[in-house]
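Each remark here refers to the structure printed beneath this line.
These numbers come from the heavy atoms of this one structure, side chains and all, not from hydrogens, waters or symmetry mates. Position 1 is the first residue of the sequence, and the numbers go up from there.
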Amino acid sequence: MRFNLDTLLTRATPAQNGCMELPASSKVGYAQLWNGDKVVYAHRVVAELAHGQPLDGQFAIHSCDNRKCINPEHLRWGTAKDNSQDAVSRGRLIGRNHVRGDAHPSTPLTANDVRTIRQLRADGAIYREIAQRYGISLQAVAAICTNKTWKEVA
């Protein structure tokens with residue numbers, strides 16, 4: 001099935017920041033289309049229609065951080081490195097090399113908790129006791145106590 005850029009854009013709903021959203025989305029939030037053979041990501045289809053074929057290994061990168069957006073002005077082709085650098089610069093990439101300590105949205109601990117955990121261990125507490133007290137795994141306690149994680153906390 002051939003797609004037409006104007007038709008796709010008329011099916012989209014205008015959203016904030018000039019985004020054009022399609023409602024059908026994947027589990028991770030990207031708008032999807034049926035091309036007659038399989039489901040494809042709408043932003044890649046639109047990027048191809050608006051900006052031409054990608055080079056091998058290129059990704060359709062959103063400048064708006066909206067996965068449902070198909071506005072051609074918000075899309076460009078780039079490498080995996082470009083995509084990662086864009087995500088880091090916008091604060092979207094959360095992982096062990098990007099957001100650390102209590103700034104990480106999924107941590108149950110604070111820097112003070114980490115200091116206390118290390119002191120408890122130094123005073124002879126066992127990993128199991130510490131893990132139960134803070135609701136974390138034995139592996140997390142071990143990683144904290146051996147400075148594999150939370151290295152920035154002294």
Side-chain angles (χ1 to χ4, degrees), residues 1-111 113-114 117 127-128 130-153:
M1 170 181 281
R2 293 257 182 218
F3 293 104
N4 178 284
L5 182 59
D6 292 331
T7 302
L8 288 174
L9 294 176
T10 59
R11 290 176 43 199
T13 304
Q16 59 182 319
N17 300 328
C19 291
M20 300 294 295
E21 293 182 352
L22 285 179
S25 63
S26 67
K27 290 180 183 178
V28 293
Y30 289 102
Q32 296 178 311
L33 300 167
W34 176 253
N35 74 358
D37 294 320
K38 63 182 179 177
V39 174
V40 294
Y41 286 128
H43 65 287
R44 286 191 60 88
V45 171
V46 171
E48 189 172 318
L49 292 170
H51 306 297
Q53 292 281 333
L55 300 175
D56 284 343
Q58 284 192 317
F59 296 82
I61 300 173
H62 287 93
S63 65
C64 57
D65 297 335
N66 181 351
R67 294 177 177 187
K68 290 183 181 181
C69 181
I70 62 164
N71 184 338
E73 294 176 7
H74 295 185
L75 299 169
R76 66 180 173 87
W77 292 118
T79 64
K81 183 177 181 180
D82 295 333
N83 202 22
S84 292
Q85 287 175 337
D86 182 57
V88 169
S89 72
R90 295 172 186 277
R92 288 184 285 126
L93 192 58
I94 297 172
R96 64 182 184 171
N97 295 325
H98 305 288
V99 178
R100 296 185 184 275
D102 44 12
H104 197 288
S106 66
T107 185
L109 303 174
T110 65
D113 292 334
V114 170
I117 287 169
Y127 287 169
R128 185 179 311 114
I130 298 169
Q132 287 173 347
R133 179 173 173 178
Y134 286 92
I136 59 177
S137 69
L138 295 172
Q139 294 85 353
V141 174
I144 289 168
C145 294
T146 59
N147 281 339
K148 290 184 180 174
T149 59
W150 292 86
K151 296 174 189 175
E152 66 281 0
V153 175

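A heavy-atom distance below 4.5 Å is found between the side chains of L8 and L49. H74 places a side-chain heavy atom less than 4.5 Å from the side chain of C19. Residues R11 and L33 have side chains in contact (heavy-atom distance under 4.5 Å, counting atoms from C-beta outward). No side-chain heavy atom of L55 sits under 4.5 Å from any side-chain heavy atom of W77.
For the atom pair CZ of F59 and CG of D86, the computed distance is 13.0 Å after rounding to the nearest 0.5 Å. One distance of note links CG of L9 with CG of D6; it measures 6.5 Å at 0.5 Å rounding. N17 CG to C69 SG: the interatomic distance, rounded to the nearest 0.5 Å, is 9.0 Å. Summarising the geometry, atom OH belonging to Y134 is positioned 5.0 Å from atom CG belonging to D113; distances are rounded to the nearest 0.5 Å. Interatomic distance, Q58 CD to Q53 CD, rounded to the nearest 0.5 Å: 11.0 Å. Atoms NZ and CG, from K68 and L22 in turn, are 9.5 Å apart once rounded to the nearest 0.5 Å.
Closest heavy-atom contact between E73 and N71: N-OD1, 2.9 Å. In plain terms, the two heavy atoms of E21 and N66 that are nearest each other are OE2-ND2, 2.7 Å. Taking both residues in full, the closest heavy atoms of T10 and T7 are given as OG1-O, 2.7 Å, listed atom of the first, atom of the second, then distance. Looking at every heavy atom in both residues, I144 comes nearest to W150 through CG1-CD1, 3.7 Å. Taking both residues in full, the closest heavy atoms of G78 and I61 are given as CA-CD1, 3.6 Å, listed atom of the first, atom of the second, then distance. Between R44 and P54, the shortest heavy-atom distance links the atoms NH2-CG, 3.8 Å.
Ring-plane geometry between H43 and H62 is classed as tilted, the angle between the planes lying from 30 to 60 degrees on a 0 to 90 degree scale.
Between the D82 side chain and the T79 main chain, a donor and an acceptor come within less than 3.5 Å of each other.
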Start with the C-alpha distance between Y41 and Q32, add both sets of side-chain angles, then the distance that settles side-chain contact (heavy atoms from CB on, under 4.5 Å), and finish with yes or no. CA-CA 5 Å; Y41 286 128; Q32 296 178 311; 4.2 Å; yes
